[in-house]
Amino acid sequence: MPSLPSSSAPVALREPRARGGDDAVVARTHRRIHRMNRLSPWLFLAPALAFFSIFKFWPSIWGVYLSFFHVRPYLGDEYIGFENFQRAFTDPDLRAAVGHTVLDAVVAVAGSMLVGFLLALLLEGPARHVRILRTAVFLPAVTAMVAIAELWGALLFPGRYGAVNSFLGDLGIGPQPFLSSPHSALWTVMLVQIWKAAPYDMVIFLAGLVGIDRQLYESAAIDGANGWQRLRAVTLPSLKPITTIVLTLGVIRGLRVFTEIYVLTGGGPGGATESVVTTMYKTTVVAGDAGYAAAVSTLLLIATVLLTCLLLWWRNRRENA
Amino acid sequence: MVATALGLRAPRKLTARRSGRIAVRLFLYALVIAIFMVPLWSMVVTALSGGDPQLGQVYLAPHRLSLANFATAWHFGLGRGLLNSVIVEVFGLTLQVAVSAFAAYGLARKRFRGAALVMLLILATMMMPEEVIAIPLYLVLGKVGLLNSYGGLILPIVGWALPIYVLTGFMRRIPMELEEAARVDGASDLRIFLRVILPLSLPALGTCAVFGFLMIWDQYLLPLLIVQTPKMNTLTLLVTSLQASQEQGEGVRLAAAVVLMVPSVLVYLGLQRLFERGLLGGALKG
């Protein structure tokens, strides 16, 4: 970082009086200070803008550009117009992957918010034992998804001796196939996602609960409201705005699910858990068709941008209303 | 007791009804511990145990304590993976926080034409996370010769909108008088940034460091695309490359997963307050 000269108004005021002379020099100094003043914020922003340009904007634009090509290593890329997009809209595998992704995003996010809310109700308060429990419960949320997926991959072993199945056996429930059956694999992935995300949502709800005016509870209690009524009349309405935002953001984020699916099932069995990003990854790495993958990633980018804008518009309208 | 959504109200005598409620509460605590803590506990215990559990089996109580699983994982490249991850983490996080702090100073403390556009561009990158642009990013990295290199693992994660956003918000709230006082003494912008603004921003920098640490430590798709030789494996890649085998059972894989988990848990427990503040401040918007 080059050292930045001072760009201070006080100096500019002091200098001409103190030296009391050469107007040309003063004017030059003024111009220089003025220029540095204008340049200075850009020097501070330069590194960030450089990194964003190379590793965010260039790939995003490049990806859109590549969508119109049949990318062939060593042979040169071939322009094919909208063919990749046409293929994307008719590809049954991609359609299935979009279905899994949307279902997964909605169910996993709603599920983890519900569990997170229940955890927040149970673990709210300043008591020491509750605080320790909260810290402990939060550990899945900070642990790397890869470690979580490896752990649950082991625990959910489909045989009768798998850890979870032998526990279910003690309860008198027969062994479940979990990740090994196309009927249950996606739901099992969702359970793992909920397990990891619920503590995170708990913290957000805890903050929402702290923000609720204690007097509301007390006046509700004086009015004879029981716990359930207080929950419905005071707690839930107060948490509604934060819930909607966290839910929408979560779903948008859920559209790019990759790690847990790739580690837990690799997209299987029989493509039953394939998501948009796992499809994209395999199209590039296994099938070597980067142009088609770029078209899919362009569509995913458009979907993300549209949904985010929709959320922002909706939030603005609410705040202004 | 403080009134909470479902909280018990003012202390009353221990009636049958009240002790029933306490019992329900204790049962729910136990359930929460069983669901959220026991799996992690069993992972650590199984990793530290000797013997050979069958596939899918874990220990709930330590069984012949031994580090054999870690030794086997080490033999398969755990050390190299750990080293690579630490290298990526140290350089990536340092660059990420430094670059974000500089940018935040420019955005928070300067008025200049185009500031709104820059903020908009930076926020727009939140809609371009690694997963969405992974494939073109991979091709770009190939073009500039960064595949299978530390540069390819480190440089793409330096630019992150979240810390810029958090730090900008924080720096805006630092009173302008502090900066002006230094300016009267003839300090340059850079000096003011390093000597006045940065020290005052330490709490926000800490929050950003915690989030950046976890973000970099959890990277998976990017390394999966970039790394082409086992020598460059990061810890996450190493963990998923270890296959459970009949002889070793789950122990070795879980041992590697424990090594992956421990640093994040330590960072979280050590800096819990910074972490939770960030979660409630800027992270919601990410």
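Note: hydrogens, waters and symmetry copies are ignored here, and every other heavy atom, side chains too, is used. Naming convention: chains lettered A, B, ... in sequence-line order (proteins, then strands); numbering from 1 in each chain.
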query: What residue in B:Val265, B:Leu40, B:Leu214 has the most heavy-atom pairs under 4.5 Å with chain A?
result: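 Top count of heavy-atom pairs under 4.5 Å with chain A: B:Leu40.
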
task: Count the heavy-atom pairs under 4.5 Å between each of B:Gly106, B:Ser264, B:Pro39 and chain A, then report the option with the highest count.
output: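 Looking at each of B:Gly106, B:Ser264, B:Pro39 in turn, B:Pro39 comes out on top.
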
query: If only atom types and distance count, is the side chain of A:Trp195 paired as donor or acceptor with the main-chain N or O of B:Ile35 below 3.5 Å?
result: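 Judged by distance alone, yes, a pair lies under 3.5 Å.
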
- prompt: Does A:Lys56 use its side chain to pair, donor to acceptor, with the backbone of B:Gly159 at less than 3.5 Å?
  reply: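 Looks like no, no N/O pair under 3.5 Å.
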
Below 4.5 Å from any heavy atom of chain B, which atoms of [X] appear? Answer side chain, backbone, both or neither.
X        : answer
A:Val234 : neither
A:Val142 : both
A:Phe51  : side chain
A:Leu139 : both
A:Leu156 : neither
A:Ile61  : neither
A:Thr259 : both
A:Val277 : side chain
A:Val257 : neither
A:Ile252 : neither
A:Leu133 : side chain

field: Within-4.5 Å side-chain heavy-atom neighbours: A:Trp58 and B:Lys143
entry: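 Of all side-chain heavy-atom pairs linking B:Lys143 with A:Trp58, at least one is under 4.5 Å.
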
task: Determine, stepwise, if the pair B:Leu141 / A:Phe55 fulfils side chain to side chain contact (heavy atoms under 4.5 Å, CB included).
output: CA-CA 9 Å; B:Leu141 291 174; A:Phe55 299 107; 3.6 Å; yes

- request: Could you list the residues that satisfy salt bridge (Lys or Arg N to Asp or Glu O under 4.0 Å) with B:Glu179, not counting sequence neighbours?
  value: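 Counting only residues at least two positions away or on another chain, B:Glu179 forms a salt bridge (Lys or Arg N to Asp or Glu O under 4.0 Å) with B:Arg109, B:Arg183.
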
task: For the pair A:Phe258 and B:Leu224, evaluate side chain to side chain contact (heavy atoms under 4.5 Å, CB included) and give the outcome as yes or no after the intermediate values.
output: CA-CA 11 Å; A:Phe258 175 79; B:Leu224 194 62; 3.8 Å; yes

- prompt: Which one of A:Val137, A:Leu151, A:Thr304 has the most heavy-atom pairs closer than 4.5 Å to chain B?
  reply: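 So the answer, after comparing A:Val137, A:Leu151, A:Thr304, is A:Leu151.
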
query: How far apart are the C-alpha atoms of A:Phe57 and B:Thr125, what are their side-chain angles, what is the distance that settles it, and do they pass the side chain to side chain contact (heavy atoms under 4.5 Å, CB included) test?
result: CA-CA 8 Å; A:Phe57 293 116; B:Thr125 63; 3.5 Å; yes

message: Using 30° and 60° as the class boundaries, would you call the ring planes of A:Tyr262 and B:Tyr220 parallel, tilted or perpendicular?
response: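 A:Tyr262 vs B:Tyr220 ring planes: tilted.
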
